[in-house]
K.L.:
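The structure follows.
All heavy atoms count here, side chains included; hydrogens, waters and symmetry mates do not.
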Amino acid sequence: MAVHEVTQDRRTRATETDAGQPARYVLRLLGGFGLERDGREVAVPQGARRLLAYLGVRQRCARSEAAGTLWPGSHEERARANLRTMLWRLHRITPEPLVEEDDRLALAAGVTSDVATLGAAAGALLSGGVPVAVGPGVPTLATGELLPGWYDDWVLIERERLRQTRLYALETLAEWLTAQRRFREAAQVALTAVQLEPLRESATRTLITVHLAERNINEAVRRFELFRADLDRELGVAPTPWLERLMQAGRSGAALPHP
């Protein structure tokens, strides 16, 4: 089918299915791949999933970048041909376009990605922005890992990048909540970071600081001892002297040291 016929067919179906409102698509990449159109699951062929997922993470990229990344073992011309095929297939999946094509590729305006949502929430926190509401942000920051079961090189790199971004954002949010004396929420956020990475000292330090700030010394000591035992069992190392000093200050009631 010619490109103009594909476009016309897509517009016709969009007119038939939309009730005066443009459809909204949600691309889920955290915890597993999924695409929804107005809350209903959309079936996406395996090959086309790779292109959608890449754009959901990168947001916008050159055609050559997408082709080279998704088909790294192919000759340049073959990779570009594969990309054209995937774009054609994507145009056939839904009434509305999922991908914008000009000099670069990007998700269409009506498609939102949970990776982009997480990035925006984390970016606002790490840039010093004041959280407006904690409730909606924490589930976003605590969502599952990027595309579990996918082992493409680019996925592994982006998975680790997102994991680190998420942990820094959770720690920052917990510190902000502690400064606002919202200790219950701060403890929940810090616990989320600890659960994501139990051996990360900065996450445990954040949680201990919450407990010490509310003078819950017993909880702080318990968390410290658990962390020390886990470090010794898993890595054969001890907590840093800074964490030791934090606990000593907490026990004595002295001002807490800053890292």
K.L.:
For Pro45, give me all partners under side chain to side chain contact (heavy atoms under 4.5 Å, CB included), at least two apart in sequence or on another chain.
P.N.:
Ala48, Ile93
K.L.:
Looking only at heavy atoms, what is the nearest atom pair of Tyr25 and Pro95, with distance?
P.N.:
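For Tyr25 versus Pro95, the nearest heavy atoms are OH-CD, 3.7 Å.
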K.L.:
Please name all residues satisfying salt bridge (Lys or Arg N to Asp or Glu O under 4.0 Å) with Arg24, sequence neighbours left out, ordered by chain then number.
P.N.:
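Once residues adjacent in sequence are excluded, Arg24 has no partner under the salt bridge (Lys or Arg N to Asp or Glu O under 4.0 Å) criterion.
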K.L.:
Quick check: do Val111 and Leu52 have side-chain heavy atoms less than 4.5 Å from each other?
P.N.:
no
K.L.:
Check Gly250 against Leu212 and note the closest heavy-atom contact, atom names and distance.
P.N.:
CA-CD2, 3.7 Å
K.L.:
Distance only, no hydrogens: is a donor on one side chain within 3.5 Å (strictly under) of an acceptor on the other, for Glu101 and His91?
P.N.:
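Indeed, the side chains of Glu101 and His91 share at least one donor-acceptor pair under 3.5 Å.
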K.L.:
If you measure from OG1 on Thr69 to CG on Asp153, what distance do you get to the nearest 0.5 Å?
P.N.:
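Nearest 0.5 Å value for the OG1-CG distance: 10.0 Å.
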K.L.:
Can you tell me if CG on Asp102 sees more than 12 non-hydrogen neighbours from other groups inside 6.0 Å?
P.N.:
yes
K.L.:
Could you name each residue pair satisfying side chain to side chain donor-acceptor pair (under 3.5 Å) that touches residues 226-235, not counting sequence neighbours?
P.N.:
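Matches after skipping sequence neighbours: Glu225-Arg228, Asp230-Arg233.
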K.L.:
Does Arg184 pair with Glu214 as a salt bridge, N-O distance under 4.0 Å?
P.N.:
no
K.L.:
Side chains of Leu70 and Asp152: closer than 4.5 Å at any heavy-atom pair?
P.N.:
no
K.L.:
Do Leu87 and Leu105 come close enough that some side-chain heavy atom pair is under 4.5 Å?
P.N.:
yes
K.L.:
Are Leu147 and Ile157 connected, step by step, through hydrophobic side chains (Ile, Leu, Val, Met, Phe, Trp, Tyr) whose heavy atoms are closer than 4.5 Å?
P.N.:
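Result: no, two separate clusters.
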K.L.:
Does the side chain of Arg40 come within less than 4.5 Å of Asp38's, by heavy atoms?
P.N.:
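Not touching, per the 4.5 Å side-chain cut-off.
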K.L.:
To check you understand the geometry: which heavy-atom pair defines the closest contact between Leu207 and Ala187, and what is its length?
P.N.:
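It is CD1-O, 3.9 Å.
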K.L.:
Give, for atom OG1 of Thr178 and atom NE2 of His211, the distance between the pair rounded to the nearest 0.5 Å.
P.N.:
10.0 Å
K.L.:
Should Thr209 and Arg205 be marked as a side chain to side chain contact (heavy atoms under 4.5 Å, CB included) after you check the CA-CA gap, both sets of side-chain angles, and the distance that decides it?
P.N.:
CA-CA 6 Å; Thr209 301; Arg205 182 180 68 228; 4.2 Å; yes
K.L.:
Using the test side chain to side chain contact (heavy atoms under 4.5 Å, CB included), find all partners of Val26 that sit at least two apart in sequence or belong to another chain.
P.N.:
Arg28, Thr112
K.L.:
Kindly compute the distance separating CG (Asn216) from CD1 (Ile208), expressed to the nearest 0.5 Å.
P.N.:
12.0 Å
K.L.:
Quick one: which residue pairs count as a salt bridge (Lys or Arg N to Asp or Glu O under 4.0 Å) with a foot in residues 79-88, not counting sequence neighbours?
P.N.:
Glu76-Arg80
K.L.:
Name all residues meeting the side chain to side chain donor-acceptor pair (under 3.5 Å) criterion together with Glu77; count only those two or more places apart in sequence or in a different chain, and write none if there are none.
P.N.:
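Checked Glu77 against side chain to side chain donor-acceptor pair (under 3.5 Å); zero matches.
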K.L.:
So, do Leu226 and Arg222 sit near enough that their side-chain heavy atoms are less than 4.5 Å apart?
P.N.:
yes
K.L.:
Write down the atom of Pro97, the atom of Ala108, and the distance for their closest heavy-atom approach.
P.N.:
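Taking Pro97 first and Ala108 second, the nearest heavy atoms are O-CB, 3.2 Å.
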K.L.:
Quick one: does Glu201's side chain get under 4.5 Å of Thr240's, heavy atoms only?
P.N.:
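Yes; the side chains approach each other to less than 4.5 Å.
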K.L.:
Could you work out, with side chain to side chain donor-acceptor pair (under 3.5 Å) as the rule, every residue matching Glu158, not counting sequence neighbours?
P.N.:
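Glu158 satisfies side chain to side chain donor-acceptor pair (under 3.5 Å) with Arg161 only.
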K.L.:
Ser113 and Leu29: which non-hydrogen atoms are nearest, and at how many Å?
P.N.:
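Shortest heavy-atom separation between Ser113 and Leu29 comes out as OG-CD1, 4.1 Å.
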K.L.:
Same cluster for Leu118 and Phe33 if Ile/Leu/Val/Met/Phe/Trp/Tyr side chains link at under 4.5 Å?
P.N.:
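Same cluster: Leu118 reaches Phe33 through Ile, Leu, Val, Met, Phe, Trp or Tyr contacts under 4.5 Å.
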K.L.:
What's the separation between atom CZ in Arg163 and atom CG in Leu196, rounded to the nearest 0.5 Å?
P.N.:
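Here the interatomic distance stands at 8.5 Å.
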K.L.:
Do Phe183 and Leu177 have side chains that get closer than 4.5 Å, going by heavy atoms?
P.N.:
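The answer is no; the side chains never approach within 4.5 Å.
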K.L.:
Can you list everything that forms a side chain to side chain donor-acceptor pair (under 3.5 Å) with Arg159? Sequence neighbours excluded, please.
P.N.:
none
K.L.:
Please give me the minimum heavy-atom distance between Gly34 and Glu41, naming the atom from each residue.
P.N.:
CA-OE2, 3.6 Å
K.L.:
Is atom CZ of Arg104 surrounded by more than 12 heavy atoms (other residues, nucleotides or ligands) closer than 6.0 Å?
P.N.:
yes
K.L.:
Go through the structure and list residues passing side chain to side chain contact (heavy atoms under 4.5 Å, CB included) with Arg200, not counting sequence neighbours.
P.N.:
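Checked Arg200 against side chain to side chain contact (heavy atoms under 4.5 Å, CB included); matches are Gln164, Leu167, Tyr168, Glu171, Glu197, Ser202, Ala203.
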K.L.:
Not counting sequence neighbours, which residues clear side chain to side chain contact (heavy atoms under 4.5 Å, CB included) with Ser74? List them please.
P.N.:
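With neighbours one apart ignored, the set is Trp71, Arg78, Ala79, Asn82.
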K.L.:
Is it possible for you to say whether Met86 and Val42 belong to one hydrophobic cluster, with membership spreading through side-chain heavy-atom contacts below 4.5 Å?
P.N.:
yes
K.L.:
Please list, chain by chain and in numerical order, all residues satisfying side chain to side chain donor-acceptor pair (under 3.5 Å) with Arg223, sequence neighbours excluded.
P.N.:
none
K.L.:
Is there a path of hydrophobic side-chain contacts, each under 4.5 Å between heavy atoms of I, L, V, M, F, W or Y residues, that connects Leu146 with Tyr151?
P.N.:
no
K.L.:
Quick one: pull up CG in Leu51 and CG in Leu107 and give me the separation to the nearest 0.5 Å.
P.N.:
9.0 Å
K.L.:
Using the ring pair (Phe, Tyr, Trp, His ring centres under 6.0 Å) criterion, which residues pair with Tyr54? Sequence neighbours excluded.
P.N.:
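Result, ring pair (Phe, Tyr, Trp, His ring centres under 6.0 Å) vs Tyr54: Trp154.
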K.L.:
Return the CZ to CE distance between Phe227 and Met247, rounded to the nearest 0.5 Å.
P.N.:
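Result: 12.5 Å between the selected atoms.
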K.L.:
According to a 4.5 Å side-chain heavy-atom criterion applied to Ile, Leu, Val, Met, Phe, Trp and Tyr, with indirect links allowed, do Leu98 and Val57 form part of one hydrophobic cluster?
P.N.:
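Same cluster: Leu98 reaches Val57 through Ile, Leu, Val, Met, Phe, Trp or Tyr contacts under 4.5 Å.
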K.L.:
Side chains of Leu55 and Gln59: closer than 4.5 Å at any heavy-atom pair?
P.N.:
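Leu55 does not reach Gln59 side chain to side chain.
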K.L.:
Determine, stepwise, if the pair Val210 / Val189 fulfils side chain to side chain contact (heavy atoms under 4.5 Å, CB included).
P.N.:
CA-CA 10 Å; Val210 176; Val189 173; over 6 Å; no
